[in-house]
Amino acid sequence: MTGRNIAFVAFLLFFRCSELAHGEMFRLSNVMGSSMVLQRAPQDAHVQGFNATPGGVVRAVLSDSSGILAANNSTGDLEGTFIIVLPQLQAGGPYTLTVTDIKTNAIVNLTDVLVGDVYFCSGQSNMEFTVSAAFNATRECADASNWPNVRLFTSGAATSSFPLQELADISQNWSKSSPEEVCAPGRGFKYSAVCYFFGREIHKRTGVPVGLISSWWGGTIIEAWSPPQALEKCPMHNNSLFTPKRNAFPDSPSELFNAMVAPFLNSTAITGVLWYQGENNACTPETEEDGLLYGCQLNAFITSWRSMWRASLQHGKEFFFGVVQLAPWNNTNTAGSEICWSTSIANIRLQQAEVADNLTNIALSSAVDLGDIASPYGSVHIRNKQQVAQRLVLGARALVYNESVVYKSPSFNTASTVYECSGDGGRMNYYISVQFNVFGDNVAISLPPGAYSSTMFEVQDDRLLEWEPATIIFGDVGTNNMNVSVSFSGNQGRPCGVRYMYKDFPVAAVFANDYGNNLPLLPFSFSKPENWKEEGNVDVQACDAGIPSTL
C-alpha cells in the first residue's frame with residue numbers, strides 16, 4: 001500500500017471515529033434548545049437527554065445571575081438515556097439550563113430559557129396556514145417584534161413506522177417572535193397563524209412567557225396522527241384505508257404520531273394542545289357511512305394523547321385541548337362535481353361538537369360562520385385565522401386560566417312540533433320550535449341579511465323523509481335560553497326532524513352575543529322520536545277532512 005493510500009485510509013478512519021464520537025456525544029433531546037420555554041407549575045418541567053454514563057448521575061440546574069432557581073438529579077439507563085424532572089417552576093426568566101454528566105463532567109448549556117406555558121399545535125393544512133397568508137398579514141408580521149417572550153418551534157415533516165425518541169427533522173429551532181421568524185420565507189413561509197395568534201393573545205393577557213410547538217402536515221388524516229391504541233378503539237374504513245396508499249400525503253397508521261409527536265412525550269411538558277384537522281377525513285371514506293367514524297377516532301385520539309403525554313400530567317386534571325370545528329367549504333371542482341362526500345363534511349362538524357361536549361377540559365372553536373369563498377388558497381383555507389384563534393383563547397381563558405368568560409357556542413337542546421288547522425279549507429300548518437343551550441348573561445340573536453327568508457334550517461317530513469328549507473319565525477330570547485320557531489311549508493306529511501347548517505358551505509344565521517363575542521349556533525341534526533315533543537290540541541283527522549280547527 002502506498003503512503004498516499006495509507007494516508008487516505010487514516011483519514012477515513014479518523015472521519016469515521018469522529019462521526020461516531022459526535023453521534024454518541026452527551027446531549028439533550030433535539031426538541032430542546034436555547035430560547036426555549038420550560039413548562040411552569042403545576043406541571044413538572046422535564047429535561048431529556050442521551051448518551052450519559054449508563055447508571056451514572058446526571059444533574060440539571062436552572063439558574064440566573066442571582067443563583068440557582070431549581071436543580072435535580074437523575075440516572076442514565078443502560079443506554080445512557082435520562083429524564084430529569086425539575087421541581088415545579090414559576091413563570092420567569094431568562095435563565096440558563098446546565099445539564100452535567102457527573103462522571104465524565106460533560107456539560108450542555110442552554111441559554112435564554114424562559115419558564116411559562118407551552119402549547120402544542122397540530123393538524124393538517126389549516127394549522128399549517130401561515131401568518132403571512134392570513135388577513136392583515138403586513139400588520140401582523142410587523143407586530144411580531146413586540147412579543148419576544150413568545151417563543152416558536154416547528155417540527156420538520158417526517159414519518160416513521162415506530163415511535164422515535166427524537167425528531168428526524170426540525171424546520172425551526174426555538175426562536176423569539178420576530179418578523180423574520182414569524183413571516184420570513186421558510187417551510188410554508190414560516191409560522192402557523194392559528195398557533196401564533198393564540199399564543200400571542202395568551203401572552204398579552206397573562207404576561208406569562210408562551211412556548212409554541214408547531215407540528216403539522218397538510219392533507220393528512222387523523223389515523224396517521226393517532227397511536228396504535230387509539231386506532232384499536234375504532235373500526236377502520238372498510239379495512240381498505242391504508243392499503244394501497246391513497247395519495248401523496250402520509251396516511252399510514254400512526255406514522256405521523258411516531259415521527260412528529262412521540263419525540264415530545266417524555267421531554268416536553270405542555271399546558272395544552274390545539275387541533276385543526278378533519279377535512280381529509282371527510283374525503284377519505286369509501287362510503288358516506290364511513291364518515292361517521294370520525295367521532296370515535298377523535299375521542300380515542302384525544303384520550304390517547306392525554307394518557308401517553310407523560311411529561312404533561314397535571315396532577316389529576318386532563319390537559320387542555322382546543323379543537324377547531326371545520327369552516328364552510330365549497331366542496332366542488334371546476335366541473336361542478338363534489339370533491340368529497342357532502343354529508344361527510346357536515347357529519348365531521350357534528351362529531352367534533354359531540355366529542356367536545358363529551359370529554360372534559362375541551363374547547364370547541366367553531367368556524368362555521370367564517371366562510372371565505374374568495375380565499376386565494378381555496379375556500380377550505382379561510383384567512384380569518386385571528387377569529388379562530390380568539391375563540392380558542394376564550395376556551396383557554398375559561399378552562400386553563402379560570403376566568404369567568406363564555407367560551408361555548410349555543411347548541412341544540414330540544415325541539416317540538418307546534419301545529420294548527422287553518423280556516424282556508426282545513427289546511428294543517430306545522431311549526432318546529434327549537435330550543436337551544438345558551439351560555440352567558442348577554443344573549444342576542446343576530447341574523448344576516450336575508451336570513452328571515454332563506455336560512456340554513458331544514459325540516460324533514462315523515463312521509464317522504466325528505467329535507468326542505470325552512471324559514472325562521474323570530475322567537476323568544478332569554479337570559480339562558482333561546483327559542484326560534486321554524487316554519488314548515490311541506491304538505492307531504494308532518495315534520496319529524498330539523499337540522500341546521502347541515503351543508504358543506506353553510507351560512508350562519510343565529511349567534512349568541514356575549515360581551516362582543518359573537519359565537520355561532522353550532523350545526524345540528526335532530527330527528528324524532530328521541531326527545532321529540534308535539535304541542536297543540538288539534539283534531540288532525542278533522543283538519544285533513546277540511547273541517548277547520550285551531551289551537
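Between Lys503 and Pro506 the shortest heavy-atom distance is O-CD, 3.4 Å. When every heavy atom of Cys296 is checked against every heavy atom of Lys233, the shortest pair comes out as SG-O, 3.5 Å. Across Leu350 and Tyr502, no two heavy atoms sit closer than the pair CD1-CE1, 3.6 Å. Val355 and Gly295 get closest at one heavy-atom pair: CG2-O, 3.4 Å. Residues Leu521 and Val368 share a closest heavy-atom pair of O-CG2, 4.3 Å. Scanning all heavy atoms of the two residues, the minimum distance from Phe320 to Gly322 falls at CE2-N, 3.8 Å.
By the 30° and 60° cut-offs, the orientation of the rings of Phe457 relative to Tyr500 is tilted. Taking the six-membered ring where tryptophan is involved, the planes of Trp275 and Phe301 are tilted, since the angle between them lies from 30° to 60°.
With Phe129 as the fixed residue, the ring-ring contact (aromatic ring centres under 6.0 Å, His included) test singles out one of Tyr377, Phe197, Tyr191: Tyr377.
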Is there a ring pair (Phe, Tyr, Trp, His ring centres under 6.0 Å) between Phe120 and Trp309? Walk through the geometry before answering. CA-CA 11 Å; Phe120 190 86; Trp309 212 303; 5.0 Å; yes
Starting from the C-alpha separation in whole Å, work towards a yes-or-no answer on side chain to side chain contact (heavy atoms under 4.5 Å, CB included) for Asp372 and Asn384. CA-CA 8 Å; Asp372 188 3; Asn384 190 358; over 6 Å; no
Evaluate the criterion side chain to side chain contact (heavy atoms under 4.5 Å, CB included) for residue pair Gln277 and Tyr294; output intermediate values, then yes/no. CA-CA 11 Å; Gln277 190 276 336; Tyr294 189 79; 2.7 Å; yes
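A donor-acceptor pair under 3.5 Å is absent between the side-chain atoms of Asp143 and the main chain of Arg139, judged by distance alone. One N or O on the side chain of Arg349 and one on the backbone of Asp504 form a donor-acceptor pair closer than 3.5 Å.
A salt bridge does not link Glu140 to Lys385: none of the charged nitrogens lies less than 4.0 Å from a carboxylate oxygen.
At a threshold of 4.5 Å between non-hydrogen side-chain atoms, the residues Thr159 and Leu256 count as touching.
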